[in-house]
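I have placed the structure first, in the form of structure tokens, so that the comments after it can refer back to it.
Within every chain, numbering begins at 1; the chains are lettered A, B, ... in the order of the sequence lines, protein sequences first and strands thereafter.
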Amino acid sequence: MEKRVLVGLSGGLDSSVAAMLLKQHGYEVIGATMSIWDGEYSPLGGNACYGPDERDDIDEARKVAEFIGISYHVFDCAKEYKSTVLEYFRSDYLQGRTPNPCVKCNQLMKFGLLQELARKSGLEFDYFATGHYAQVIHKDGRYALKRAADARKDQTYFLYRLSQEQLKGVLFPLADFKKEEVREMARKAALPVAEKAESQDFYCGDYKELLQVEDKLGSIVLKKDNRILGQHNGFWNFTIGQRKGLGVAYSEPLYVVELKPNENLVVVGTREDVMSTSFIVDDLHWMLLTGIEGQMEVTVKIRSASREAEAVIEPFENKIKVTFNQPKDAITPGQSAVFYKNEVIVGGGVIENLYKQD
RNA sequence: UGUCCGAUGGUGUAACGGUAGCACUGCAGAUUUUGAUUCUGCCUGCCCAGGUUCGAAUCCUGGUCGGACAA
């Protein structure tokens with residue numbers, strides 16, 4: 001009997017190819033897209049997750065579904081998206097942290113609500129699949145994510161919060177392919193989205209709308225001597241490690257080193273000032289393991305596009321303390337730190353703050 | 001209205017007298033499922049007026065402006 005798979009279609013290249021591959025492999029495939037845009041704001045058009053161009057993406061996903069011959073459904077997740085992802089996004093920024101909406105969205109929406117609504121609507125399926133570049137392994141009775149074959153496109157970082165239950169029923173058809181191979185397959189099959197461009201932003205409008213704030217003048221101060229170097233329109237417009245857009249000239253590159261929400265201060269410093277070695281991770285989520293007792297050597301990734309680096313993790317109160325072997329730049333509260341051992345996700349959590357000795 | 005110092009692109013700076021470089025900002029692009037990082041490219045400048053030199057940002061004179069000292 002054919003196994004049934006629900007595939008999350010985004011209207012993009014990757015998920016389309018994923019669906020096509022599953023179909024070719026003999027699964028009975030059902031396409032589904034979540035609708036998250038409620039039209040409250042009016043940003044300029046653009047290729048973003050949360051935005052009015054969602055309609056175009058849904059149209060494309062529908063075309064693709066027709067093209068490869070699978071059924072297609074759209075589920076309205078706008079309300080929940082707003083109360084979870086957007087609310088999280090907003091409150092984190094207003095606390096001077098830098099949230100990662102993709103992580104939240106994967107955990108709660110794509111790999112959560114979407115399947116839930118599909119089942120409620122009467123659809124039955126054995127697996128859930130997406131076009132993510134990641135692979136699932138099963139070891140010692142636990143499921144975990146392993147980096148994709150195409151290391152350059154690996155997306156496990158965004159998926160580290162998936163639970164055992166979520167991982168258990170997941171398929172990633174693109175796990176073993178490189179991006180170029182995926183595009184080539186799409187071209188050969190003449191998929192409608194074969195030439196679709198990469199990359200999408202989270203939101204293509206002004207973040208002020210999502211944060212529900214107005215500009216508020218504040219100072220940009222130099223860490224070294226607290227000298228005021230310039231002005232800004234609100235600390236929420238910045239993230240640790242940011243270099244561009246400060247509007248401040250100095251003898252060397254300046255980076256945002258710290259945000260002080262209470263005083264609406266943006267503290268900047270030199271390259272050296274953004275480097276740290278130790279930090280505390282909270283809001284833990286374990287994957288291959290269920291926790292650790294003592295120290296463990298791992299590699300840690302603290303930003304989607306930043307390369308993972310060697311570090312030691314160890315319990316610290318109810319949290320985890322991470323210590324890099326070499327100082328690392330832009331360790332940012334709110335971003336996720338994901339621990340890998342031999343390319344497999346051991347666990348991860350959210351960066352709470354730097355750990356300072358003495 | 002005395003003395004001293006300084007005066008280079010939007011900002012901070014560099015250039016034995018030989019036609020101005022660097023960093024930052026800004027802009028454009030590459031990379032990116034986070035408005036970060038990183039990478040590539042681009043735009044702007046020698047306070048003014050004389051003079052000395054084959055030739056001056058660099059030397060001299062005067063002016064203007066800024067800073068410091070000076071009751």
Review point. Can you check the A/I302 CD1 to B/U32 C1' distance for me, whole Å?
Key: 16 Å

Practice item. Would you tell me whether A/R303 and A/T239 have side-chain atoms, one donor and one acceptor, within less than 3.5 Å of each other? Key: yes

Review point. Quick one: is A/R243 getting a side-chain N or O under 4.0 Å of the B/C24 phosphate, OP1 or OP2?
Key: yes

Check your understanding: So does A/R303 get a side-chain nitrogen or oxygen closer than 4.0 Å to the phosphate oxygens (OP1/OP2) of B/U34?
Key -> no

Point to revise | Residue A/T239, side-chain atoms from C-beta onward, closest of B/U33, B/A36, B/G35 | key: B/A36

Point to revise | Geometric class of the A/F202/A/F89 ring pair [parallel <30°, tilted 30-60°, perpendicular >60°] | key: tilted

Revision key, fill the gap. note: A/K244, atom NZ; B/A30, atom P; distance rounded to Å ~ 15 Å

Review point. How is A/R152 classified with respect to the nucleic acid when contacts are heavy atoms under 4.0 Å: base, sugar-phosphate, or nothing?
Key: sugar-phosphate

Review point. Can you tell me how far P in B/C27 sits from the matching atom in B/G67, rounded to whole Å?
Key: 32 Å

Check your understanding: OP1, OP2 of B/U38 versus side-chain N and O of A/Y255: anything below 4.0 Å?
Key -> yes

Check your understanding: Rounded to the Å, how far apart are A/Y203 OH and B/A36 C1'?
Key -> 20 Å

Practice item. Look at the rings of A/H132 and A/F172 and say which category their plane angle falls in: under 30° parallel, 30 to 60° tilted, over 60° perpendicular. Key: perpendicular

Exercise for review: Select base, sugar-phosphate, or nothing to describe what A/N237 touches, counting heavy atoms under 4.0 Å on all strands.
Suggested key: nothing

Check your understanding: Base, sugar-phosphate, or nothing for A/F202, non-hydrogen atoms under 4.0 angstrom?
Key -> sugar-phosphate

Check your understanding: Taking CD from A/Q335 and P from B/U34, how many angstroms apart are they, rounded to a whole number?
Key -> 10 Å

Review point. Have A/Y160 and A/S336 got a donor and an acceptor in their side chains that come within less than 3.5 Å?
Key: yes

Review point. What is the nucleic acid contact for A/C102, judged by heavy atoms within less than 4.0 Å: base, sugar-phosphate only, or nothing?
Key: sugar-phosphate

Exercise for review: If a protein heavy atom is under 4.0 Å from the base, mark B; if only from the sugar-phosphate, S; if neither, -; do that for nucleotides 8-13 of chain B going 5' to 3'.
Suggested key: --BB--

Practice item. Could you check how far CG of A/N100 sits from P of B/U37, rounded to whole Å? Key: 16 Å

Study note, to complete from the structure: Between A/P253 and A/A330, the residue closer to the 5' end of RNA chain B by nearest nucleotide is A/P253

Practice item. Let me know the distance between CZ of A/R97 and P of B/A36, rounded to the nearest Å. Key: 19 Å

Check your understanding: Hey, does the Lys NZ or Arg CZ of A/K3 hover above the aromatic six-ring of A/Y27, less than 6.0 Å from the centre and inside 45° of the axis?
Key -> no

Review point. When we call it a touch if two heavy atoms are under 4.0 Å apart, what does A/Y50 touch: a base, just sugar-phosphate, or nothing?
Key: nothing

Check your understanding: Between A/W286 and A/F339, how do the two ring planes meet: parallel, tilted or perpendicular, split at 30° and 60°?
Key -> tilted

Review point. Whole Å only: how far is the CD atom of A/Q107 from the P atom of B/U33?
Key: 20 Å

Check your understanding: Looking only at side chains, do A/T277 and A/Y355 share a donor and an acceptor under 3.5 Å apart?
Key -> no

Check your understanding: Quick one: is B/U33 close enough that its OP1 or OP2 comes under 4.0 Å of any side-chain N or O from A/K153?
Key -> yes

**Study point:** B/U1 and B/A20, which share atom name C1', separated by this distance in whole Å
**Key:** 39 Å

Practice item. Take atom P in B/G26 and the same atom in B/G10, then report the distance between them in whole Å. Key: 15 Å

**Study point:** Atom C1', compared across B/A28 and B/G21: separation rounded to whole Å
**Key:** 23 Å

Review point. For A/Q242, which contact category applies under a 4.0 Å heavy-atom criterion: base, sugar-phosphate, or nothing?
Key: sugar-phosphate

Review point. Between A/R97 and A/E352, is the closest basic N to carboxylate O distance under 4.0 Å?
Key: yes

